[in-house]
Amino acid sequence: MSTFVRGNSELLKRIQTSVGRQVYCWYSSDFHPLERSSLTDLKRGTGGRCSFNGMVATVFGASGFLGRHVVNKLGKMGTQIIIAHRGELTEVNRLRVAADLGQVLIQPYNLKDENSIRKCIKYSNVVINLVGRDWQTKNYSFAEVHVIGARRIARLCKEACIPTLVHMSALNATPFPAPYMLRNGSQFLQSKWEGEEAVREEFPDAIIFRPADMVGQEDRFTRYYCSLWRHNMKALPLYKKGTATEKQPVHVSDVAAGILIACQDRCWHGRTIQAVGPRRYLLSELVDWFHRLTRRTWKEWGYFRYNIRYDPIFQLWISILPCLTLGHPLGNLHWEKVEREAHSDVIDNEIETLKDLGVELTLMEDQVPWELKPYRLYSYAEKENLEFDVVEPPPFIECK
(Lines give C-alpha, C1' and ligand atoms only; values in the text may rest on other atoms or scores of the structure.)
Protein backbone atom coordinates (compact mmCIF):
# COMPACT_ATOMS: atom_id res chain seq x y z
CA MET A 1 0.00 0.00 0.00
CA SER A 2 1.29 3.43 -0.85
CA THR A 3 1.08 6.28 1.64
CA PHE A 4 0.29 9.92 0.81
CA VAL A 5 2.42 12.63 2.41
CA ARG A 6 0.69 16.01 2.46
CA GLY A 7 2.19 19.43 3.25
CA ASN A 8 0.61 22.84 3.59
CA SER A 9 2.87 24.62 1.09
CA GLU A 10 3.95 21.70 -1.06
CA LEU A 11 2.39 21.41 -4.50
CA LEU A 12 4.47 18.39 -5.38
CA LYS A 13 3.28 15.19 -3.71
CA ARG A 14 5.41 12.16 -3.15
CA ILE A 15 4.18 8.61 -3.30
CA GLN A 16 6.17 5.80 -1.77
CA THR A 17 5.35 2.57 -3.55
CA SER A 18 5.67 -0.93 -2.19
CA VAL A 19 8.87 -1.53 -4.17
CA GLY A 20 10.55 1.54 -2.78
CA ARG A 21 10.24 3.58 -5.97
CA GLN A 22 9.36 7.27 -5.65
CA VAL A 23 6.77 8.72 -8.07
CA TYR A 24 5.67 12.33 -8.37
CA CYS A 25 2.09 13.35 -9.15
CA TRP A 26 0.10 16.58 -9.24
CA TYR A 27 -3.40 17.70 -8.50
CA SER A 28 -5.42 18.93 -11.50
CA SER A 29 -5.24 22.49 -10.17
CA ASP A 30 -1.44 22.52 -9.97
CA PHE A 31 0.66 24.20 -12.65
CA HIS A 32 3.25 22.06 -14.40
CA PRO A 33 5.04 23.43 -17.48
CA LEU A 34 5.50 21.34 -20.61
CA GLU A 35 8.95 20.52 -21.89
CA ARG A 36 7.84 21.67 -25.37
CA SER A 37 4.86 23.78 -26.32
CA SER A 38 4.25 22.14 -29.69
CA LEU A 39 0.64 21.18 -30.30
CA THR A 40 1.76 17.84 -31.67
CA ASP A 41 2.92 16.94 -28.14
CA LEU A 42 -0.67 17.26 -26.93
CA LYS A 43 -2.07 14.44 -29.06
CA ARG A 44 -4.72 12.44 -27.25
CA GLY A 45 -6.84 9.47 -28.18
CA THR A 46 -6.74 6.87 -30.90
CA GLY A 47 -7.13 9.25 -33.83
CA GLY A 48 -10.91 9.32 -34.28
CA ARG A 49 -13.56 11.99 -33.87
CA CYS A 50 -13.23 11.99 -30.06
CA SER A 51 -9.44 12.41 -30.18
CA PHE A 52 -7.08 15.34 -30.68
CA ASN A 53 -4.46 14.85 -33.38
CA GLY A 54 -2.43 17.98 -32.60
CA MET A 55 -3.83 19.96 -35.55
CA VAL A 56 -5.71 23.22 -35.07
CA ALA A 57 -7.04 24.26 -38.48
CA THR A 58 -8.65 27.52 -39.56
CA VAL A 59 -10.86 27.08 -42.61
CA PHE A 60 -11.84 30.12 -44.67
CA GLY A 61 -14.81 29.43 -46.93
CA ALA A 62 -16.09 26.49 -44.88
CA SER A 63 -19.72 27.11 -45.86
CA GLY A 64 -18.97 26.48 -49.53
CA PHE A 65 -19.35 23.28 -51.52
CA LEU A 66 -15.81 22.03 -50.91
CA GLY A 67 -15.52 23.57 -47.44
CA ARG A 68 -18.26 21.42 -45.95
CA HIS A 69 -16.45 18.23 -46.98
CA VAL A 70 -13.08 19.51 -45.73
CA VAL A 71 -14.51 20.39 -42.30
CA ASN A 72 -16.22 17.01 -42.01
CA LYS A 73 -13.00 15.12 -42.79
CA LEU A 74 -11.00 17.32 -40.40
CA GLY A 75 -13.48 16.58 -37.62
CA LYS A 76 -13.37 12.84 -38.29
CA MET A 77 -9.65 12.70 -37.58
CA GLY A 78 -9.76 14.68 -34.32
CA THR A 79 -8.86 18.18 -35.49
CA GLN A 80 -9.80 21.33 -33.61
CA ILE A 81 -11.48 23.52 -36.23
CA ILE A 82 -11.89 27.28 -36.38
CA ILE A 83 -14.51 28.17 -38.99
CA ALA A 84 -14.03 31.70 -40.28
CA HIS A 85 -17.31 32.93 -41.75
CA ARG A 86 -18.42 36.21 -43.30
CA GLY A 87 -22.11 35.52 -43.92
CA GLU A 88 -25.12 34.34 -41.99
CA LEU A 89 -24.42 32.22 -38.92
CA THR A 90 -27.05 29.72 -40.05
CA GLU A 91 -24.84 28.81 -43.03
CA VAL A 92 -22.14 27.34 -40.78
CA ASN A 93 -24.09 26.29 -37.67
CA ARG A 94 -24.68 22.84 -39.12
CA LEU A 95 -20.91 22.29 -39.25
CA ARG A 96 -20.69 22.19 -35.45
CA VAL A 97 -21.52 18.48 -35.46
CA ALA A 98 -18.59 17.69 -37.78
CA ALA A 99 -16.27 17.23 -34.78
CA ASP A 100 -16.59 16.36 -31.11
CA LEU A 101 -18.37 18.66 -28.67
CA GLY A 102 -16.47 21.92 -28.24
CA GLN A 103 -13.94 21.23 -31.00
CA VAL A 104 -15.53 23.58 -33.57
CA LEU A 105 -15.26 27.33 -33.05
CA ILE A 106 -17.11 29.74 -35.33
CA GLN A 107 -15.35 33.08 -35.69
CA PRO A 108 -16.72 35.95 -37.82
CA TYR A 109 -14.34 37.90 -40.01
CA ASN A 110 -14.20 40.40 -42.85
CA LEU A 111 -11.91 39.76 -45.78
CA LYS A 112 -10.94 43.45 -45.80
CA ASP A 113 -10.27 43.61 -42.04
CA GLU A 114 -6.82 42.33 -41.08
CA ASN A 115 -7.51 42.30 -37.34
CA SER A 116 -10.47 39.98 -37.77
CA ILE A 117 -8.32 37.61 -39.86
CA ARG A 118 -5.61 37.63 -37.18
CA LYS A 119 -8.17 36.53 -34.59
CA CYS A 120 -9.07 33.56 -36.80
CA ILE A 121 -5.51 32.28 -37.27
CA LYS A 122 -3.72 33.23 -34.04
CA TYR A 123 -4.13 29.78 -32.43
CA SER A 124 -3.84 27.61 -35.56
CA ASN A 125 -1.02 25.62 -37.09
CA VAL A 126 -2.91 24.94 -40.35
CA VAL A 127 -4.83 27.49 -42.46
CA ILE A 128 -6.97 26.41 -45.43
CA ASN A 129 -8.17 29.18 -47.75
CA LEU A 130 -11.16 28.06 -49.82
CA VAL A 131 -12.64 31.52 -50.39
CA GLY A 132 -13.78 32.14 -53.95
CA ARG A 133 -16.52 33.66 -56.07
CA ASP A 134 -18.08 32.31 -59.25
CA TRP A 135 -19.38 35.77 -60.19
CA GLN A 136 -18.57 39.34 -59.23
CA THR A 137 -20.77 41.40 -56.92
CA LYS A 138 -20.95 45.09 -56.05
CA ASN A 139 -19.07 44.39 -52.81
CA TYR A 140 -16.41 41.96 -54.03
CA SER A 141 -14.81 41.66 -57.45
CA PHE A 142 -12.70 38.74 -58.62
CA ALA A 143 -9.53 40.68 -57.86
CA GLU A 144 -10.64 41.57 -54.31
CA VAL A 145 -11.43 37.95 -53.45
CA HIS A 146 -8.96 35.86 -55.47
CA VAL A 147 -5.95 38.21 -55.44
CA ILE A 148 -6.08 40.91 -52.75
CA GLY A 149 -7.88 38.75 -50.18
CA ALA A 150 -5.67 35.72 -50.85
CA ARG A 151 -2.54 37.86 -50.55
CA ARG A 152 -3.76 39.32 -47.28
CA ILE A 153 -4.45 35.91 -45.74
CA ALA A 154 -1.07 34.57 -46.91
CA ARG A 155 0.81 37.58 -45.55
CA LEU A 156 -0.89 37.39 -42.15
CA CYS A 157 -0.20 33.66 -41.97
CA LYS A 158 3.47 34.34 -42.60
CA GLU A 159 3.50 36.99 -39.88
CA ALA A 160 1.81 34.58 -37.45
CA CYS A 161 4.39 31.85 -38.30
CA ILE A 162 1.73 29.41 -39.49
CA PRO A 163 3.62 26.32 -40.71
CA THR A 164 1.02 25.11 -43.26
CA LEU A 165 -1.12 27.13 -45.66
CA VAL A 166 -3.39 25.57 -48.30
CA HIS A 167 -4.68 27.83 -51.07
CA MET A 168 -7.43 26.80 -53.47
CA SER A 169 -6.98 27.95 -57.06
CA ALA A 170 -8.60 26.55 -60.23
CA LEU A 171 -7.62 24.29 -63.09
CA ASN A 172 -6.91 26.19 -66.34
CA ALA A 173 -5.79 29.24 -64.37
CA THR A 174 -3.62 31.27 -66.72
CA PRO A 175 -2.50 34.89 -67.12
CA PHE A 176 -3.97 35.07 -70.63
CA PRO A 177 -7.07 32.85 -70.94
CA ALA A 178 -8.22 32.13 -74.46
CA PRO A 179 -11.48 33.95 -75.33
CA TYR A 180 -14.41 31.81 -76.41
CA MET A 181 -17.64 33.65 -75.60
CA LEU A 182 -16.20 36.78 -73.96
CA ARG A 183 -13.94 39.17 -75.84
CA ASN A 184 -11.33 39.41 -73.07
CA GLY A 185 -11.61 35.83 -71.90
CA SER A 186 -12.42 34.62 -68.39
CA GLN A 187 -11.61 37.11 -65.65
CA PHE A 188 -12.15 34.31 -63.14
CA LEU A 189 -9.29 32.20 -64.51
CA GLN A 190 -7.03 35.23 -64.85
CA SER A 191 -7.68 36.32 -61.25
CA LYS A 192 -7.04 32.79 -60.00
CA TRP A 193 -3.62 32.85 -61.67
CA GLU A 194 -2.82 36.23 -60.17
CA GLY A 195 -3.94 34.90 -56.80
CA GLU A 196 -1.48 32.02 -57.06
CA GLU A 197 1.35 34.44 -57.79
CA ALA A 198 0.33 36.66 -54.88
CA VAL A 199 0.23 33.76 -52.44
CA ARG A 200 3.63 32.50 -53.62
CA GLU A 201 5.13 35.94 -53.07
CA GLU A 202 3.83 36.20 -49.50
CA PHE A 203 4.03 32.53 -48.48
CA PRO A 204 6.49 30.54 -50.66
CA ASP A 205 5.75 27.25 -48.84
CA ALA A 206 2.01 27.39 -49.50
CA ILE A 207 0.30 24.31 -50.96
CA ILE A 208 -1.79 25.25 -54.00
CA PHE A 209 -4.59 23.04 -55.30
CA ARG A 210 -6.00 23.40 -58.81
CA PRO A 211 -9.31 21.51 -58.90
CA ALA A 212 -11.29 20.68 -62.02
CA ASP A 213 -15.09 20.78 -62.02
CA MET A 214 -16.15 19.04 -58.82
CA VAL A 215 -19.00 16.54 -58.58
CA GLY A 216 -20.96 15.80 -55.43
CA GLN A 217 -24.04 16.66 -53.45
CA GLU A 218 -25.35 20.12 -54.36
CA ASP A 219 -22.56 20.63 -56.88
CA ARG A 220 -22.46 23.23 -59.64
CA PHE A 221 -21.64 20.86 -62.45
CA THR A 222 -24.17 18.06 -62.84
CA ARG A 223 -27.04 20.12 -61.43
CA TYR A 224 -26.01 23.08 -63.56
CA TYR A 225 -26.61 21.17 -66.79
CA CYS A 226 -29.82 19.58 -65.46
CA SER A 227 -31.31 22.91 -64.40
CA LEU A 228 -34.09 24.34 -66.55
CA TRP A 229 -32.41 27.75 -66.35
CA ARG A 230 -29.52 26.36 -68.42
CA HIS A 231 -31.92 25.10 -71.11
CA ASN A 232 -33.68 26.98 -73.84
CA MET A 233 -37.05 25.28 -73.52
CA LYS A 234 -35.93 21.64 -73.90
CA ALA A 235 -32.73 22.30 -75.86
CA LEU A 236 -29.26 22.83 -74.42
CA PRO A 237 -27.06 25.48 -76.08
CA LEU A 238 -23.32 24.78 -75.78
CA TYR A 239 -20.16 26.13 -77.36
CA LYS A 240 -19.77 24.12 -80.57
CA LYS A 241 -22.39 21.72 -79.19
CA GLY A 242 -19.87 20.59 -76.56
CA THR A 243 -17.95 18.43 -79.03
CA ALA A 244 -14.80 20.60 -78.86
CA THR A 245 -14.53 20.65 -75.05
CA GLU A 246 -12.91 17.97 -72.88
CA LYS A 247 -13.57 17.76 -69.16
CA GLN A 248 -11.98 15.70 -66.40
CA PRO A 249 -14.31 16.15 -63.38
CA VAL A 250 -13.26 15.10 -59.90
CA HIS A 251 -15.33 14.05 -56.92
CA VAL A 252 -15.38 16.63 -54.14
CA SER A 253 -14.59 14.04 -51.46
CA ASP A 254 -11.36 13.15 -53.27
CA VAL A 255 -10.25 16.80 -53.26
CA ALA A 256 -10.99 17.08 -49.54
CA ALA A 257 -9.02 13.91 -48.87
CA GLY A 258 -6.07 15.30 -50.84
CA ILE A 259 -6.11 18.50 -48.78
CA LEU A 260 -5.93 16.53 -45.54
CA ILE A 261 -3.02 14.40 -46.77
CA ALA A 262 -1.12 17.50 -47.88
CA CYS A 263 -1.69 19.18 -44.50
CA GLN A 264 -0.19 16.24 -42.61
CA ASP A 265 2.94 15.76 -44.74
CA ARG A 266 5.52 18.55 -44.83
CA CYS A 267 7.05 17.24 -48.05
CA TRP A 268 4.15 18.83 -49.97
CA HIS A 269 4.95 22.35 -48.77
CA GLY A 270 5.56 24.73 -51.66
CA ARG A 271 4.05 22.45 -54.31
CA THR A 272 1.13 22.76 -56.70
CA ILE A 273 -1.32 19.88 -57.02
CA GLN A 274 -3.80 19.30 -59.84
CA ALA A 275 -7.06 17.86 -58.49
CA VAL A 276 -8.53 16.05 -61.50
CA GLY A 277 -10.60 12.92 -61.91
CA PRO A 278 -9.47 9.52 -63.19
CA ARG A 279 -11.19 9.79 -66.59
CA ARG A 280 -11.57 12.41 -69.31
CA TYR A 281 -14.80 12.98 -71.27
CA LEU A 282 -16.20 15.12 -74.03
CA LEU A 283 -18.62 17.66 -72.60
CA SER A 284 -21.21 16.62 -75.18
CA GLU A 285 -21.05 13.02 -73.99
CA LEU A 286 -21.37 14.06 -70.36
CA VAL A 287 -24.48 16.21 -70.82
CA ASP A 288 -26.09 13.53 -72.97
CA TRP A 289 -25.42 11.03 -70.20
CA PHE A 290 -26.94 13.37 -67.59
CA HIS A 291 -30.11 13.61 -69.66
CA ARG A 292 -30.26 9.86 -70.11
CA LEU A 293 -30.03 9.40 -66.35
CA THR A 294 -32.87 11.87 -65.77
CA ARG A 295 -35.00 10.40 -68.61
CA ARG A 296 -34.85 13.60 -70.62
CA THR A 297 -33.76 12.17 -73.95
CA TRP A 298 -34.98 13.18 -77.39
CA LYS A 299 -37.60 10.43 -77.48
CA GLU A 300 -38.93 10.93 -73.95
CA TRP A 301 -38.58 14.67 -73.49
CA GLY A 302 -37.39 16.30 -76.70
CA TYR A 303 -33.84 17.14 -75.61
CA PHE A 304 -31.12 18.10 -78.12
CA ARG A 305 -27.93 20.17 -78.25
CA TYR A 306 -27.06 23.08 -80.54
CA ASN A 307 -24.39 25.75 -80.93
CA ILE A 308 -24.91 28.66 -78.57
CA ARG A 309 -23.30 31.09 -81.02
CA TYR A 310 -26.34 30.86 -83.29
CA ASP A 311 -28.84 31.78 -80.58
CA PRO A 312 -28.80 35.54 -79.89
CA ILE A 313 -31.99 35.27 -77.83
CA PHE A 314 -30.38 32.95 -75.29
CA GLN A 315 -27.29 35.14 -75.20
CA LEU A 316 -29.50 38.11 -74.39
CA TRP A 317 -31.17 36.03 -71.69
CA ILE A 318 -27.76 35.33 -70.07
CA SER A 319 -27.06 39.08 -69.96
CA ILE A 320 -30.48 40.07 -68.59
CA LEU A 321 -31.02 37.32 -66.00
CA PRO A 322 -28.45 38.52 -63.40
CA CYS A 323 -29.89 42.04 -63.64
CA LEU A 324 -33.40 40.77 -62.93
CA THR A 325 -32.22 38.87 -59.86
CA LEU A 326 -30.15 41.73 -58.35
CA GLY A 327 -26.79 40.22 -59.24
CA HIS A 328 -27.50 36.66 -58.08
CA PRO A 329 -27.76 34.48 -61.22
CA LEU A 330 -30.45 31.82 -61.01
CA GLY A 331 -29.17 28.35 -61.74
CA ASN A 332 -25.61 29.75 -61.72
CA LEU A 333 -26.20 30.97 -65.27
CA HIS A 334 -23.97 33.94 -66.16
CA TRP A 335 -21.39 34.79 -68.80
CA GLU A 336 -18.36 33.81 -66.72
CA LYS A 337 -19.75 30.32 -66.23
CA VAL A 338 -20.61 29.96 -69.92
CA GLU A 339 -17.11 31.15 -70.83
CA ARG A 340 -15.36 28.71 -68.46
CA GLU A 341 -17.41 25.74 -69.57
CA ALA A 342 -16.00 26.17 -73.10
CA HIS A 343 -12.42 25.62 -71.81
CA SER A 344 -11.01 22.12 -72.07
CA ASP A 345 -9.20 20.92 -68.96
CA VAL A 346 -5.45 21.28 -69.50
CA ILE A 347 -3.30 18.86 -67.47
CA ASP A 348 0.39 19.59 -66.92
CA ASN A 349 2.24 16.27 -66.72
CA GLU A 350 5.07 17.87 -64.71
CA ILE A 351 2.72 18.79 -61.82
CA GLU A 352 1.55 16.24 -59.25
CA THR A 353 -2.07 15.09 -59.09
CA LEU A 354 -4.25 13.49 -56.43
CA LYS A 355 -2.90 10.09 -57.45
CA ASP A 356 0.56 11.19 -56.31
CA LEU A 357 -0.95 12.03 -52.93
CA GLY A 358 -2.26 8.49 -52.67
CA VAL A 359 -5.96 9.33 -53.05
CA GLU A 360 -8.14 6.57 -54.47
CA LEU A 361 -10.18 8.43 -57.07
CA THR A 362 -13.94 7.99 -57.42
CA LEU A 363 -15.39 7.22 -60.84
CA MET A 364 -18.24 9.42 -62.06
CA GLU A 365 -20.10 6.33 -63.26
CA ASP A 366 -20.33 5.13 -59.64
CA GLN A 367 -21.57 8.38 -58.11
CA VAL A 368 -23.43 10.57 -60.62
CA PRO A 369 -26.46 8.26 -61.09
CA TRP A 370 -27.20 8.57 -57.38
CA GLU A 371 -26.60 12.35 -57.39
CA LEU A 372 -29.10 12.92 -60.23
CA LYS A 373 -31.94 10.86 -58.78
CA PRO A 374 -33.88 13.98 -57.67
CA TYR A 375 -33.97 15.15 -61.31
CA ARG A 376 -35.26 11.86 -62.73
CA LEU A 377 -38.66 11.99 -64.45
CA TYR A 378 -41.38 9.49 -63.54
CA SER A 379 -39.48 8.21 -60.54
CA TYR A 380 -42.74 7.29 -58.82
CA ALA A 381 -43.54 4.83 -61.64
CA GLU A 382 -40.12 3.29 -61.29
CA LYS A 383 -40.63 2.70 -57.58
CA GLU A 384 -44.09 1.14 -57.90
CA ASN A 385 -43.47 -0.95 -61.00
CA LEU A 386 -39.90 -1.93 -60.07
CA GLU A 387 -38.68 -0.85 -63.50
CA PHE A 388 -35.05 0.03 -62.95
CA ASP A 389 -33.54 0.82 -66.32
CA VAL A 390 -29.80 0.55 -66.91
CA VAL A 391 -28.27 3.65 -68.49
CA GLU A 392 -25.18 3.24 -70.61
CA PRO A 393 -22.23 5.31 -69.24
CA PRO A 394 -20.52 7.86 -71.46
CA PRO A 395 -17.41 6.91 -73.45
CA PHE A 396 -14.23 8.34 -71.96
CA ILE A 397 -10.92 9.45 -73.40
CA GLU A 398 -7.76 7.71 -72.28
CA CYS A 399 -5.64 10.06 -70.18
CA LYS A 400 -2.10 10.57 -71.40
Side-chain angles (χ1 to χ4, degrees), residues 36-62 66-84 98-99 103 121 123-131 150 153-154 156-158 160-171 173 195-196 199-212 214 250-278 347-362:
R36 297 195 313 171
S37 59
S38 175
L39 286 173
T40 56
D41 296 335
L42 302 178
K43 293 181 179 181
R44 293 293 183 272
T46 58
R49 189 181 297 272
C50 297
S51 306
F52 175 57
N53 61 1
M55 184 187 301
V56 180
T58 297
V59 183
F60 292 91
L66 175 60
R68 297 194 296 268
H69 292 78
V70 172
V71 169
N72 187 39
K73 287 186 177 295
L74 286 172
K76 271 185 171 182
M77 57 187 295
T79 304
Q80 293 183 357
I81 309 169
I82 301 172
I83 297 177
Q103 299 303 298
I121 66 176
Y123 299 112
S124 301
N125 52 14
V126 173
V127 175
I128 303 174
N129 181 18
L130 306 176
V131 178
I153 291 176
L156 296 178
C157 287
K158 193 66 176 179
C161 299
I162 304 295
T164 304
L165 170 65
V166 176
H167 175 73
M168 190 58 53
S169 183
L171 197 66
E196 287 187 19
V199 170
R200 286 287 186 222
E201 291 177 6
E202 302 292 342
F203 202 112
D205 289 337
I207 307 170
I208 295 179
F209 276 81
R210 293 176 179 173
M214 289 181 285
V250 61
H251 196 267
V252 62
S253 182
D254 297 341
V255 182
I259 292 175
L260 264 64
I261 294 174
C263 289
Q264 295 175 303
D265 195 344
R266 290 183 176 272
C267 72
W268 294 101
H269 286 193
R271 297 192 183 184
T272 301
I273 302 168
Q274 297 174 130
V276 294
I347 311 300
D348 191 346
N349 295 327
E350 297 181 358
I351 299 179
E352 290 88 354
T353 62
L354 293 177
K355 288 184 178 180
D356 300 314
L357 283 170
V359 179
E360 186 176 352
L361 299 178
T362 304

Practice task
Give me the one residue out of T58, V59, T164 that meets side-chain contact (heavy atoms from CB on, under 4.5 Å) with S124.
Solution key: T58
Can you check whether [X] reaches [Y] side chain to side chain, under 4.5 Å on heavy atoms?
| X | Y | value |
| --- | --- | --- |
| F209 | I128 | no |
| E202 | C157 | no |
| L165 | K158 | no |
| V255 | V70 | no |
| I259 | L66 | yes |

Quick one: [atom1] on [X] to [atom2] on [Y], what's the gap to the nearest 0.5 Å?
| X | Y | atom1 | atom2 | value |
| --- | --- | --- | --- | --- |
| C263 | K73 | SG | NZ | 13.0 Å |
| Q103 | Q80 | CD | CD | 4.5 Å |
| F60 | I153 | CZ | CD1 | 4.5 Å |
| R210 | D348 | CZ | CG | 7.5 Å |
| N349 | Q274 | CG | CD | 8.0 Å |
| L130 | H167 | CG | NE2 | 10.0 Å |

Practice task
Take M55 and Q264, measure what side chain to side chain contact (heavy atoms under 4.5 Å, CB included) needs, and give me the verdict at the end.
Solution key: CA-CA 9 Å; M55 184 187 301; Q264 295 175 303; 3.8 Å; yes
Minimum heavy-atom separation for [X] and [Y], please, with both atom names.
| X | Y | answer |
| --- | --- | --- |
| N125 | G54 | ND2-O, 3.0 Å |
| I351 | T272 | CG2-O, 3.0 Å |
| F203 | I162 | CZ-O, 3.2 Å |
| E352 | R271 | OE2-NH1, 3.5 Å |
| G61 | V131 | N-CG2, 3.8 Å |
| L361 | V276 | CD1-O, 3.9 Å |

Practice task
Begin from the C-alpha positions of V166 and W268 and carry the test side chain to side chain contact (heavy atoms under 4.5 Å, CB included) through to its verdict.
Solution key: CA-CA 10 Å; V166 176; W268 294 101; over 6 Å; no
Problem - Donor-acceptor pair, side chain of D254 and main chain of V359, under 3.5 angstrom - result: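 A pair under 3.5 Å: no.
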Problem - Full working for side chain to side chain contact (heavy atoms under 4.5 Å, CB included) between V252 and R68 - result: CA-CA 10 Å; V252 62; R68 297 194 296 268; over 6 Å; no
